[in-house]
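Read through the structure below, which is laid out as structure tokens, and then see the notes.
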Amino acid sequence: MAADHGVAAVGDATAGDRLRTDEGPAVEVDAERRGWLTQVPWDRVWWTGVALALLSVGAFRAAPWLFVLCLVGAALAGSLAVVRRSAHGLLFDVFAVPLSAANSTPWLQRAMSRARARVGSGTQRVWWSIGVAAALLLIMVPLLAGADAVFAGLVNGLLPRVDVPKVLRWGAVFVVAGLGVSGSLFLLAGPPPPADDDAPRRARRFSPLEWGIPVGALTVVFAAFVATQVAVLFGGDGYVQRTASLTYAEYARSGFWQLSIVSVLTLAVIGIVLRYAGQETTGERRLLRIAVAVVIALVLVIVASAVQRMWTYQQAYGFTVLRLLVEVFEGWIALVYLLLFASLVRLRRTWVPRAAVGAALATLLALAVLNPEGFVADRNIDRWQTGRPLDTKYLSTLSPDALTATGRLPDAQRAAIEDVIRDHLSDDSWQGWNYSRATASR
């Protein structure tokens, strides 16, 4: 019995050893997988994905202004994908690739010189021979073609037709893209020094009294303004006409730009306060969090009021792309304020600038998905169905993106818009194919 128990104990021990032996590699593989996931530069993957998504907008939306904005956004995202947060700050990071393109040219020339030295002089003589042969052909072929009509027809059939403006345009694109690639390689080969969050800051700090006076003044003024907005919200058009002698639409238009400027200036003030306010004690940090949080909450109400005013004005006088863009800009400002609000938890703001740029690019992508010109046309047609006038002349200046909304119009008004838009369409080559233009030309 004891022997059986001993055998069982040995068997259990063997099974336990086998279990540990079997689990060991699995645990190691799991750890390796987690290590691989942590080693992936997810920030670069994110910025690269955003850049590619913004570049793809040109294949779907036909609005030129939207493609230009997306192209600029893709360039900024590409630069941030190449350069991680550096000691030079965000302004350098977003323009690092174009700034480094000029420095990369001599770097590439030195690399090519070393490569030619390794290959040897024999290959260089071959390239000189090819150049001489090309020069001779450029001289002889036109002379022979001018001497014989049959040979000229053969040459014309073999040589492609050269569209000089198109060649110049694609040549410029090639040069810009090449400089961008060389600048990126230059930065990857020698990245700028990374930012050091733990570096001592010698800037003079403001005491709670010093920064509290201007912040407190803004808080009082903003609170009074928000109180008037509540009165306008519940009083409606009659209250506005009695107090401001304006219609509600005129009242909405008169204050939008002022409120937008206030929101931008206050953003700068909060940034300065968070940068220079003293945070040595727990009390100072708590007071800073509360004061800035109150200002942010009040400014968010002001931003909402600005957006609501512009929306009301568009419902009264019509929707345009420019008015929609300024509304989207105000929405992005609200996102930046929310990011600042989140940074108050640990009073760490170093991540906010890149997050704000990311929010701007994400907003631009959302705008492209919305189809802004189609949205503007759709809202104007909604106004027309409620008895308001329809500005067909303005709608006919939009791109083919607007044609998604014109199907709801009668034939005469639809033709007045669609015929003008289609008359301005040109045939796309395979390189410039666009879904919106291809759909409109059917």
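Not measured: the values here are computed from a predicted model.
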* **Salt bridge flag under 4.0 Å for residues D93 and R85** =>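 Between R85 and D93 there is no salt bridge, as every charged N stays at least 4.0 Å from the carboxylate O atoms.
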* Any ion pair linking R408 and D382 (charged N to carboxylate O, less than 4.0 Å)? ->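 Salt bridge: yes.
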* **Partners passing side-chain contact (heavy atoms from CB on, under 4.5 Å) against T282 (at least two apart in sequence or in another chain)** =>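 Residues passing side-chain contact (heavy atoms from CB on, under 4.5 Å) with T282: R285, R286.
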* Asked: Do Y394 and F319 pass the side-chain contact (heavy atoms from CB on, under 4.5 Å) test, and can you show the C-alpha distance, the side-chain angles, and the key distance before you say yes or no?
  -> CA-CA 10 Å; Y394 171 74; F319 288 75; over 6 Å; no
Is it the case that the side chain of [X] and the backbone of [Y] share a donor-acceptor pair, with hydrogens and angles ignored and the cut-off at 3.5 Å?
{"X": "R205", "Y": "E280", "value": "no"}
{"X": "S184", "Y": "G180", "value": "yes"}
{"X": "N434", "Y": "G58", "value": "yes"}
{"X": "Q279", "Y": "L288", "value": "no"}
{"X": "S182", "Y": "L179", "value": "yes"}
{"X": "D378", "Y": "A405", "value": "no"}
{"X": "Q308", "Y": "A304", "value": "no"}
{"X": "D401", "Y": "A63", "value": "yes"}

Compare all side-chain heavy atoms of [X] with those of [Y] and state whether any distance is below 4.5 angstrom.
{"X": "W211", "Y": "L287", "answer": "yes"}
{"X": "R422", "Y": "L403", "answer": "yes"}
{"X": "N371", "Y": "F60", "answer": "no"}
{"X": "V57", "Y": "F67", "answer": "no"}
{"X": "L338", "Y": "L300", "answer": "yes"}

* Just checking, any donor-acceptor pair under 3.5 angstrom between side chains of E418 and T406? ->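 The answer is yes; a qualifying pair exists.
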Result block: side-chain N/O donor-acceptor pairs under 3.5 angstrom for residues 264-271, not counting sequence neighbours:
| residue | atom | partner | partner atom | Å |
| --- | --- | --- | --- | --- |
| T266 | OG1 | V262 | O | 2.7 |

Shortest non-hydrogen contact between [X] and [Y], atoms and distance:
{"X": "P372", "Y": "L367", "result": "CD-O, 3.1 Å"}
{"X": "S396", "Y": "I421", "result": "O-CG1, 3.5 Å"}
{"X": "L390", "Y": "Q413", "result": "CD2-NE2, 4.3 Å"}

Can you give the donor-acceptor pairs under 3.5 Å from side chains of residues 185-193 to other protein atoms, not counting sequence neighbours?
none

* Asked: What's the verdict on side-chain contact (heavy atoms from CB on, under 4.5 Å) for N380 and D391, showing C-alpha distance, side-chain angles and the deciding distance?
  -> CA-CA 8 Å; N380 280 302; D391 190 353; over 6 Å; no
* Interatomic spacing from OG in S207 to OH in Y276 - rounded to 0.5 Å -> 16.0 Å
* **Gap separating the CG atom of L144 from the CG atom of L154, nearest 0.5 angstrom** => 11.5 Å
* What pairs with Y337 under ring pair (Phe, Tyr, Trp, His ring centres under 6.0 Å), at least two apart in sequence or on another chain? ->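 Partners of Y337 under the ring pair (Phe, Tyr, Trp, His ring centres under 6.0 Å) test: none.
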* To do: Return each pair, listed once, that meets side-chain hydrogen bond (donor to acceptor under 3.5 Å, both in side chains) where at least one residue sits in residues 290-300; pairs must be two or more places apart or across chains.
  =>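 Matches after skipping sequence neighbours: none remain.
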* Pairs involving residues 55-68, ordered by first then second residue, that meet side-chain hydrogen bond (donor to acceptor under 3.5 Å, both in side chains) (sequence neighbours left out) ->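 Found W65-E373.
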* Asked: Any cation-pi pair here, R379 with F375, using under 6.0 Å and within 45°?
  ->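 Here R379 passes the 6.0 Å and 45° test against F375.
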